Amino acid sequence: MALLELLSRLRLAPLHYHLRRSLSAAAPPPHEPPPPHHAPPSQPASNKHKLFVAGLSWSADERSLTDAFSSFGTVTEVRIMYDKNSGRSRGFGFVQFSNNYEAKCAKDAMDGKVMLGRALRISFALDKVRGGPVIVPRLPTAKQDD
DNA sequence: GTTGAGCGTT
């Protein structure tokens, strides 16, 4: 009877689909997947929201820094490193913005500019791990006598 | 009272 054939086809159909899908899955496309995590060697781990500002004048304070950078975006954090003993400025500090765009804009605009008679050196701040020292990327040493 | 490359605390 034709009814039996119909039933057989209906029952076998899912099996065929399953087999075909398994075979397809067993043969992935020649598409090359990118590496899981790739860190560009020329760009150390840095916080794109925070800027490292060096070349500050000795008399520069957080107030002047904020006043100078607030025109490029929302400044969420401003910190100047002072000497623990003398209490005077160490000549560098950190300025964090609301987002990376403002930070990059401020860096591109203020890097090399003169403030309070001194040229600013701005770059993205390195990732600071709480409880750990700051990993400073050192320039490639010409000699390695390890 | 000085000096001038740099990457930090809560």
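In what follows, every chain begins at residue 1, and chains take the letters A, B, ... in the order their sequences are listed. Computed from a predicted model, the values in this text were never measured in an experiment.
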TODO: Measure the CG-OG distance between A/L51 and A/S123 for me, rounded to the nearest 0.5 Å.
DONE: 8.0 Å
- [ ] For residues A/N99 and A/H49, report the shortest heavy-atom separation together with the two atoms involved.
- [x] CA-ND1, 3.6 Å
Task: Neighbours of DNA chain B within residues 63-78 of chain A, by heavy-atom distance under 4.0 Å - done: none
Task: Listed nucleotide nearest any side-chain atom of A/A54, set B/dC7, B/dG6, B/dG4 - done: B/dG6
Open item on the list: Expressed as a whole number of angstroms, how long is the span from A/N85:CG to B/dT3:P?
Closed with: 20 Å
Open item on the list: So, under a plain 3.5 Å distance rule, would you say the side chain of A/K50 forms a donor-acceptor pair with the base of B/dG8?
Closed with: yes
- [ ] Starting from C1' on B/dT10, measure out to CZ on A/F94 and report it in whole angstrom.
- [x] 14 Å
Open item on the list: Between A/A125 and A/S57, which residue's closest nucleotide on DNA chain B lies nearer the 5′ terminus?
Closed with: A/S57
Open item on the list: Rounded to whole Å, how long is the line connecting atom CZ of A/F52 with atom P of B/dT9?
Closed with: 12 Å
- [ ] Assess whether one donor atom and one acceptor atom, taken from the side chain of A/S46 and the base of B/dC7, lie less than 3.5 Å apart.
- [x] no
- [ ] Could you state the atom-to-atom distance from CG of A/L126 to P of B/dC7 in whole Å?
- [x] 7 Å
Open item on the list: Checking one residue: A/Y101. Which other hydrophobic residues are in its cluster under the side-chain 4.5 Å linking rule?
Closed with: none
Open item on the list: Under 5.5 Å centre to centre and under 30° between planes: does that hold for A/F92 and the six-membered base ring of B/dG6?
Closed with: no
Open item on the list: How close do A/F97 and A/V75 get, counting heavy atoms only, and between which atoms?
Closed with: CE2-CG2, 3.8 Å
- [ ] For A/M81 and B/dG4, give me the distance from atom CE to atom C1', rounded to whole Å.
- [x] 18 Å
Open item on the list: Expressed as a whole number of angstroms, how long is the span from A/I80:CD1 to B/dC7:P?
Closed with: 17 Å
Task: Rounded distance (Å) that lies between atom C1' of B/dG4 and atom CZ of A/R88 - done: 14 Å
Open item on the list: By nearest heavy atom, map A/R79 and A/R90 onto DNA chain B; which one lands nearer the 5' end?
Closed with: A/R90
Open item on the list: What's the closest nucleotide to the side chain of A/W58 if the choices are B/dG8, B/dT3, B/dT9?
Closed with: B/dT3
Task: A/D83 CG - B/dG8 P separation (whole Å) - done: 14 Å
TODO: Just grab all the ring pair (Phe, Tyr, Trp, His ring centres under 6.0 Å) pairs involving residues 52-91 of chain A, residues at least two apart or on different chains.
DONE: A/F52-A/F92, A/F52-A/F94
- [ ] Under 4.0 Å between any heavy atoms, over every strand shown, what does A/L56 touch: base, sugar-phosphate, or nothing? Just pick one.
- [x] base
Open item on the list: Can you give me the closest heavy-atom contact between A/R90 and A/D83, atom names plus distance?
Closed with: CG-N, 3.7 Å
TODO: Is it possible for you to check whether A/K50 lies under 6.0 Å from the centre of the six-membered ring of A/F124, through NZ or CZ, and within 45° of that ring's axis?
DONE: no
